[in-house]
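Read through the structure below, which is laid out as structure tokens, and then see the notes.
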Amino acid sequence: MTSLIQGVFNQFPAEISKDFMGNNYVIKKGIKSKQAVMLAAHLDEIGLIVTYFDNLGFVHFSTVGGIDQRTLLNQEVIIHGREDINGVVSLVSREKLTASKKSFLIDDLIIDIGYSQEKTVQLVKPGDVVSIKREPFTMLNQNIAGKALDDRAGITVMAVCLNELCRIDHKHDVIAVATVQEEVGLRGAFTGTDRIKPEIAVAIDVTHAQTLDTKAQVNIQLGKGPVITLGPNIHPRIYSGLQTAAKENRIPYQIQPVAGPTGTDARVIQLSGQGIPTGLVSIPLRYMHTSVETISVLDVVDCGKLLAYYIASLPEDLEELSCF
Amino acid sequence: MFLKELCELDGVSGNEKKVREYIIEQLKDKADDYKIDKIGNLIVRKKGMDGNILGVPKVLLCAHMDEVGLFITEITNDGFLKFQTVGGIDPKILVSKTVVCGNEVPGVIGSKAIHLQKPEERKQILSIEELYIDIGAVSKEEAENIVKLGDYVAFASRFERLGSGFNKAKALDDRAGCSVIMQILNNQYRCDLVGAFTVQEEVGLRGSKVISNYLEADLAIVVEATMAKDLAETFEEEWIVELGKGPACSLMDSATIYNPELIQKVAELAEKLDIPLQFRRGTTAANDAGNIHQAGRGIPLITLSIPCRNIHTMSSLIAMQDYENCLKLVHSILENIQVFCSNT
Amino acid sequence: MSGNINLDFSLLKKLTQAYGPSGNEKEIAGLIMGYSKNHVDNVETDILGNLIIRKKGRGKRIMIAAHMDEVGVIVTHIDNNGYLYFSAVGGLNEAGLLARRVMFSNRCYGVIGRERKESEEEKSKGKYFIDIGVNSEEEARKMVREGDMAILTGEFVENGSHIISKAIDNRLGCFIALEVLKNYQGEDDVFFVFTVQEEVGARGAKTAAFAIEPDLALIIDTTISYDTPKEKYRTSLNNGVAIKVMDRSIIVSPVIKNWMIDIAVKNNIVFQSEIISAGGTDSGPVHLTKGGVPTGGIAVPVRYLHSGSEITTKLDIESAYRLLSELLKNPFAS
């Protein structure tokens, strides 16, 4: 993943580095280069982890991050063992379940990799990570379905933003951080922010977009523009700055009030050091934490541009921005 | 081998056109003639080497072209598609999968994100009524311009290798059978061959009902894919068939009781030629054999099946050695046709 | 009723005790062939195994059909200890199987067993198996293989006017057809068909009717007797032969039904009606053959159908015999 990230960001006139935990830093210098703006999107995705194998060579597993086990049946997966091994998730015993309306549990599932037990033992070890095998799937209106768009969409937003910033002047250094271990407790962002000590920060993540069965719970629409969050987790002036940048550049946007800490990197970034003014922009996404997460490319591009225009619009001294 | 191409073609029951056209394209130069009947079954004929000698046996080879899939029944006001299943599909397998609707329109079957669910919701199975297809349309009007009510939906899944000698694909039931018969029709035997590639097997053996009205034969061989449940925690006696143990010869299913003498002859031939053979332990489910053996005055018949894990899903698995051995066995039966057609 | 009927019930005993689950009717077919060969012109076995016995004549082509097969079990798996796992062949009631004896064609006997279950909840779930009294798979395989079928045993007992046995369904039909065949004096071209695979969906009758193309078909079978202590008003024992009106597979043409009733009334034959909403018989596929075949059905009521202990009565058997004989004397003309 890291090398892939470096490949993406190498095209910019920027320095790339990496820390011990695995966070990647891409530094794009500003004209003044006095203060730093941090962008953060997380690199990790939800997945599975091998727990043991039975005497027929079938691999048993557990989840890493919040996964609805019902989305796993008959899913194609890749076990990242001694080598990458393809497999299919199956039910150990379908009969057990056919009678009732009860769903199966994670323990009822196995991965069938088509090897004997002896060979399986050589190839796979408990603790090996398993990811869902799914190529991106393009649909109508430049919508894309796939796995791990949470938060590869956010990483892409950072790339679009840096690309824009190559064309427009910006005063401050921009440090785009691809953080690790977000899904298990925002761990990478916590250490990363402390290392770079930015003046302000904007996290980029995904947020639920409305579907047929979530109308009562979700207002955000797919394809209607990036989502700007406000609330206690967000510095009000970053929120209003993002909103102004969107309006001035005619970028469609949606607003999402969150009444407490958000479930994103912004949650811990805000609490780093003496406190860091933090913003959050999100990409609308359907079917979060499944292998068919769906986003609109238009939202991603608009979000990247919005961030770039916002950064370009920042005053020379960020100190004043951080005053309430 | 035609298996990869066959599996990657979409041909849900009632919409087998692409599969039929592919088979015709591949076989038209190898066979004597072919025809398509009114329901869509493809009949390919190939004369035997014994030509017009009176009494040369005629062998019917049958596999079905159709696969299970979905069917669009409603386009919602937001441009989502509601659907029903075509053939036996467990709704549990549909969540979080990619599909191809109608005229190559990609879509996904999503479900409510885990974050938005109550804990009890996760314990329930999502029913067909709760599921829907998302093609990324922004409105009913847009969706209606691209898909129609009654459009067929197939699983999006590639034919790929897996593990030691397994292959994963959708529609292995029964493109595996189609592929075996296509390979057989590339050869010539002493007997006359009739390849019947049937439609609508998955929705009640409907295509073979029609061919049984007009086809006659001295022996019929149905080549199928059959459910294997050789997984952990399932009792051995419930496995039905095992992958890698050779083709499975049916003893009885819900539509056919197979002739014990014919089964015996198949078993003896397999043993003599060292071709692994197993018996299908289950007696439920049905296939085209049910109609064919009752055709006209009756046709002596055997069913050979390639064991298939995760049958009727987007990620079915077969062992390629079972496929090869099935092909070998059908070939050997035809080479030794006098043994099978002598006293019937 | 007229008392000069002399049916040979020792033949019925042999027929009921023969082995013949669906798809494995050779033994019973051989027995019937042996009894009938002196009385007929042509005997033939078709591809599915139907036995077609013809009494040639210049008149109508009439098909008389009775199925030979009985319900049973089929071995699907043999485990390491030599226990046999099985599926039902035909409509066997699994709940009544525990500790029943079964018999294979080679006269190997077994007992149906089940895992002992501790909790009430588990009790209904256990899988049945057959114990043939061996210690290993190897030993078992010397006697039985996958695909072999077994039948439920049940001795033939004459209890005064009642008869108790296994396979009264439908060796009784075969018996009546054979007795009628023996005494047939008419001019019509009569095909006595002893069909296969009725219990699994009336499959044999379909191909036989296709080959014969009869002008008239009469099916003889057994039917459920509903005279358990608390149930009344439906088909019951000792009320005579049942004339089929309807089942899941056929609604008998009123013309045929009335012809049969007229003949019964004219000849003082006791009869009742067979109207059931479940289950089908050979009459289903036969009446749908080619352009359609005028088809009627007569049935003898039997208690505990599809068990090893079916019960019928001589009165009903005799009235069925008489009705069929009289029907053949005055065949239906369309």
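Chain identifiers are assigned alphabetically (A, B, ...) following the order of the sequence lines, protein sequences preceding nucleic acid strands; residue numbering begins at 1 within each chain.
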Minimal non-hydrogen separation, C/Ala150 against C/Val102, with atom names:
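Answer, listing the atom of C/Ala150 first, then C/Val102: CB-CB, 3.9 Å.
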Under a 4.5 Å cutoff for heavy-atom pairs, which residue among B/Thr284, B/Leu301, B/Leu251, B/Asn213 has the most contacts with chain C?
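Option with the greatest count: B/Leu251.
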Among the listed options B/Ala295, B/Gly296, B/Gly298, the residue most often paired with chain C at heavy-atom distances under 4.5 Å
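Going by pairs under 4.5 Å, I would pick B/Gly296.
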Could you walk me through whether B/Arg206 and B/Glu201 pass salt bridge (Lys or Arg N to Asp or Glu O under 4.0 Å), step by step?
CA-CA 6 Å; B/Arg206 298 172 59 79; B/Glu201 196 268 357; over 6 Å; no
Quick check against the 3.5 Å criterion: does C/Lys55 have a side-chain atom that pairs as donor or acceptor with the backbone of C/Phe192?
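Checked: no pair found.
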Heavy-atom count check: over 12 atoms from other residues, nucleotides or ligands less than 6.0 Å from B/Arg45 CZ?
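No, not enclosed.
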Can you tell which part of B/Ile299 gets under 4.5 Å to a heavy atom of chain C, answering side chain, backbone, both or neither?
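For B/Ile299, the contact with chain C is made by the backbone alone.
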Give, as side chain, backbone, both or neither, the part of B/Ser250 having an atom under 4.5 angstrom from any heavy atom of chain C.
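Neither part.
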Using the ring centroid of each side chain, check whether B/Tyr258 and B/His293 are separated by less than 6.0 Å.
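They do not qualify: ring centres at least 6.0 Å apart.
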Which pairs with one or both residues in residues 205-218 of chain C pass salt bridge (Lys or Arg N to Asp or Glu O under 4.0 Å), sequence neighbours excluded?
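The answer is C/Glu213-C/Lys290.
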Name the region of [X], side chain, backbone, both or neither, that has any atom closer than 4.5 Å to a heavy atom of chain B.
| X | value |
| --- | --- |
| C/Glu146 | both |
| C/Ala208 | neither |
| C/Val89 | both |
| C/Asn24 | side chain |

